[in-house]
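Accompanying notes for the structure given below.
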Amino acid sequence: MSIEPGCSLRTEAEVRAYLGEAVARTPIVDLHTHLYAPCFRDLLLYGVDELVTYHYLIAEVHRADPTLRPAAFYALSKQQQADLIWKTLFVDRLPVSEACRGIITVFGKLGIEPDRDGLDNARAFTAQFTPEQYVDKILGLANVSSVVMTNDPFDEMERPIWVAGGDIDPRFLPALRIDTFLLRFAEVVPKLQLWGYQVAADTSTQTLSEARRFLTDWIDIMQPVYLAASMPPQFPVPSDTLQSWLTEQVIVPVCRERNLPWAVMPGVRRALNPALGQAGDGLATSDLRWIEYLCATYPENRFMITVLARENQHELCIIARKFGNLLPFGCWWFLNNPSLIEEMTRMRFELLGLSHIPQHSDCRILDQLLYKWEHFRPILTRVMGDKLADLVHAGWQPTKAEVDRDVERLLAGNFKAFAGLD
Ligand code: FIX
Ligand code: ZN
């Protein structure tokens, strides 16, 4: 259909067609990934062997073949693991799960012919590129303008790269991950002491100033766009625990002083099946009252939040309606499935209008940007299209400029504004 150059979109068909174009052409700022810039060398994962051994597919291969022992699987080389997953999940049965479908989408976007005999053609495809060229190719094809990394000062592989300094591709934005600092503080006290921070597993004034110094030092080193932590379903704030003290006396004040949001991600139950490693985490419904407490007690702070359990999504929208300093984002991990994304996105439009960030990718492997966003864009178009169609039928004709403006808000602008990136 050709849409006339005039401003207003007068019919439902015009609105839907224009919206689809706008969603496809608007560059995305992907606000939570586990991707790394090329200067982090081996930490930047890409290519078919990484793609097929994504931990979502490791969980699925163990379901498809219950005789497979996780220890035996992990003893295989990366390439052997990928071959086994390819045969089990793609050749011996139809690859209908969302994570399997993702691989087929990636192949399609890269022009790789899926081959039931093996993955060698896909391996040969990626081998043609340097990491830098591959980054350009994937970001370009996915129409993603920048991605936020996950950067943990306690990670032995990335820490030395930060300490050495250097130029990071500006399309990769740092985020300071504080799970270890917050959730395992007592355990890492000896390490912090070794690094020159005079902390103890207590709430003394010395620990207070030194713990704050650790955080601010890493903010200076990384220049993060936010602090982040994925959290268990229950978190004791406010209380007289060390974690509550770290939250209220260290993290919240430092975020406020440095004008940084804190991205909170509740609902993970780590190591539900430890033998599965990274694939063994689960979820539970979260108690979000500590989020209400933080938003109400610290109105000068900004909190971004994504929650893992479907059961929490309605409650989260209601909390967000009460607190302007809370920004819900994304359909995280076990929620990143079309049926659940559609349900959540519809609910967020109805309860929050445009004041949310509908999706982040959580990609661990660069190529996944191609499928995670390719699968999301039609859902956004359908859900937002329904809402705009309702407006047209009720007598409100959106203009093209209004549609462009608000699609940009959802895919990039809301995050940039909340994080103060412009
Ligand atoms: O905590 C997180 O940031 C989670 O997203 C990851 O730990 C998780 O393993 C993941 O990859 C989910 O998509
Ligand atoms: Zn993540």
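Fair warning: this is a prediction, and the values are worked out from it, not measured in the lab.
Neither side chain, T26 nor E408, offers a donor N or O lying under 3.5 Å from an acceptor on the other. Between the side chains of W373 and D30, at least one donor N or O sits under 3.5 Å from an acceptor N or O. For the residue pair Q133 / D136, no side-chain donor-acceptor distance below 3.5 Å is found, with atom types taken as modelled. N301 and W262 form no side-chain donor-acceptor contact under 3.5 Å, judged by distance and modelled atom types alone.
Ring geometry, W195 versus F154: the interplanar angle falls from 30° to 60°, so the pair is classed tilted. Taking the six-membered ring where the residue is Trp, Y197 and F214 present perpendicular rings, their angle passing 60° and hence far from 30°. By the 30° and 60° cut-offs, the orientation of the rings of H62 relative to F73 is perpendicular.
E343 meets the salt bridge (charged side-chain N to carboxylate O under 4.0 Å, His left out) test with R310; sequence neighbours excluded. With sequence neighbours excluded, no residue satisfies salt bridge (charged side-chain N to carboxylate O under 4.0 Å, His left out) with D152. The side-chain contact (heavy atoms from CB on, under 4.5 Å) test applied to T399 returns C7, S8, A401, E402, not counting sequence neighbours.
Under the 6.0 Å cut-off for aromatic ring centres, H360 and F415 do not qualify, their centroids lying 6.0 Å or more apart.
Residue Y46 is tested with L35, V135, T126, L51 for a side-chain contact (heavy atoms from CB on, under 4.5 Å); the sole match is T126.
A salt bridge does not link D49 with K78: every distance from a Lys NZ or Arg NE/NH1/NH2 to an Asp or Glu carboxylate oxygen is 4.0 Å or more.
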